[in-house]
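In what follows, a structure is listed as structure tokens, so that the remarks can point back to it.
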Amino acid sequence: WGYRAPTINTTGKPWYKGNWEVINWSDLEPSNNTYNWTKFDAAVNAASSRGLYFMPMIAGGHQAPSWLYTNGVPRYHTQFNGGSDFPYYLDAEYQTYFKRMLRNVRDHILSYPAEKRNKIIGIQIAVGASGDPHPYKTSGTGGGSGDGEGGVLQLDRQRSERREQH
């Protein structure tokens, strides 16, 4: 298996059967419920044109779209990579947006012709900081460039105001 579909070169590599590529959720859905399939389609097409299997990895976590936070999803802020925001994964609104994105990815894949669609073997979803078994990169999670101290859960003012009105 290889990485980065646009740079695939299978010449003299009969063992090279598939490819995967990271596509950030923030690039895929740059604004609420508006999708940009350019990078996704380019990666699928690069693998498909070479007859290879493909697996997209949708990166969430600190690559989740920033519009989540202005639409009621609490942010969990850490010092990962000099300061990173992660969505609070247990929040019901986050889960609604996340599931909607997954359904749209599924539907987009189903829109491909069968010969292309059948070469997509799965979808990997990355929601942690860097492939870790922990949802956020904070002290005690081990490895990588953790912040050395706990993160801070931040509720946006709009969300707090909406809750007070109900």
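The chain is numbered in sequence order, starting from 1.
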Scanning both residues in full, the closest heavy-atom pair of Ser84 with His62 reads CB-CB, 3.9 Å
Taking all heavy atoms of Met55 and all of Gly122, pick out the closest pair and write down the distance.
CG-O, 3.3 Å
Side chain to side chain contact (heavy atoms under 4.5 Å, CB included) with Ile123: which residues, sequence neighbours excluded?
Pro56, Ile58, Val105, Ile109, Ile125
Say you draw a straight line from NE2 of His108 to CZ of Phe40; how long is it, rounded to the nearest 0.5 Å?
6.0 Å
Lys99, NZ atom: more than 12 neighbouring heavy atoms under 6.0 Å
no
Taken in chain and number order and not counting sequence neighbours, the residues that satisfy ring pair (Phe, Tyr, Trp, His ring centres under 6.0 Å) with Trp67 are Tyr97
Under the side chain to side chain donor-acceptor pair (under 3.5 Å) rule, collect the residues that match up with Ser31, sequence neighbours excluded.
Thr34
Under the salt bridge (charged side-chain N to carboxylate O under 4.0 Å, His left out) definition, can you give me all pairs with a residue in residues 110-127, not counting sequence neighbours?
none
Aromatic plane relationship, Tyr94 with Phe98 - under 30° parallel, 30 to 60° tilted, over 60° perpendicular:
parallel
Taking the side chain as every heavy atom from C-beta outward, state whether Val127 and Tyr89 have any atom pair closer than 4.5 Å.
yes
The side chain to side chain contact (heavy atoms under 4.5 Å, CB included) partners of Ser26 (sequence neighbours excluded) come to Asn24, Gln63, Pro65
Any chance you could measure Ile23, atom CD1, to Gln124, atom CD, to the nearest 0.5 Å?
11.5 Å
Here the pair of heavy atoms bringing Trp25 nearest to Met101 is NE1-CG, 3.3 Å
For the student: nearest non-hydrogen atoms of Asn71 and Glu93, plus distance
O-OE1, 3.1 Å
What residues, two or more places apart in sequence or in another chain, satisfy side chain to side chain contact (heavy atoms under 4.5 Å, CB included) together with Thr10?
Ile8, Tyr16, Leu52
Where does the angle between the aromatic ring planes of Trp37 and Tyr35 fall among parallel (under 30°), tilted (30 to 60°) and perpendicular (over 60°)?
parallel
Using modelled atom types only, decide if a donor and an acceptor are shared between the side chain of Ser48 and the backbone of Asn45 within a distance under 3.5 Å.
no
For Thr78 and Asp85, what are the C-alpha separation, side-chain angles and deciding distance, and is it a side chain to side chain contact (heavy atoms under 4.5 Å, CB included)?
CA-CA 6 Å; Thr78 74; Asp85 291 327; over 6 Å; no
For Thr38, which residues count as a side chain to side chain donor-acceptor pair (under 3.5 Å) partner, sequence neighbours excluded?
Asn36
What distance separates Asn32 CG from Leu68 CG, expressed to the nearest 0.5 Å?
8.0 Å
Please name all residues satisfying ring pair (Phe, Tyr, Trp, His ring centres under 6.0 Å) with Tyr53, sequence neighbours left out, ordered by chain then number.
none
Show the numbers, then the answer: is there a side chain to side chain contact (heavy atoms under 4.5 Å, CB included) between Val44 and Tyr112?
CA-CA 10 Å; Val44 170; Tyr112 289 134; 3.7 Å; yes
What residue pairs, at least two apart or across chains, pass salt bridge (charged side-chain N to carboxylate O under 4.0 Å, His left out) with a residue in residues 24-35?
Asp27-Lys39, Glu29-Arg100
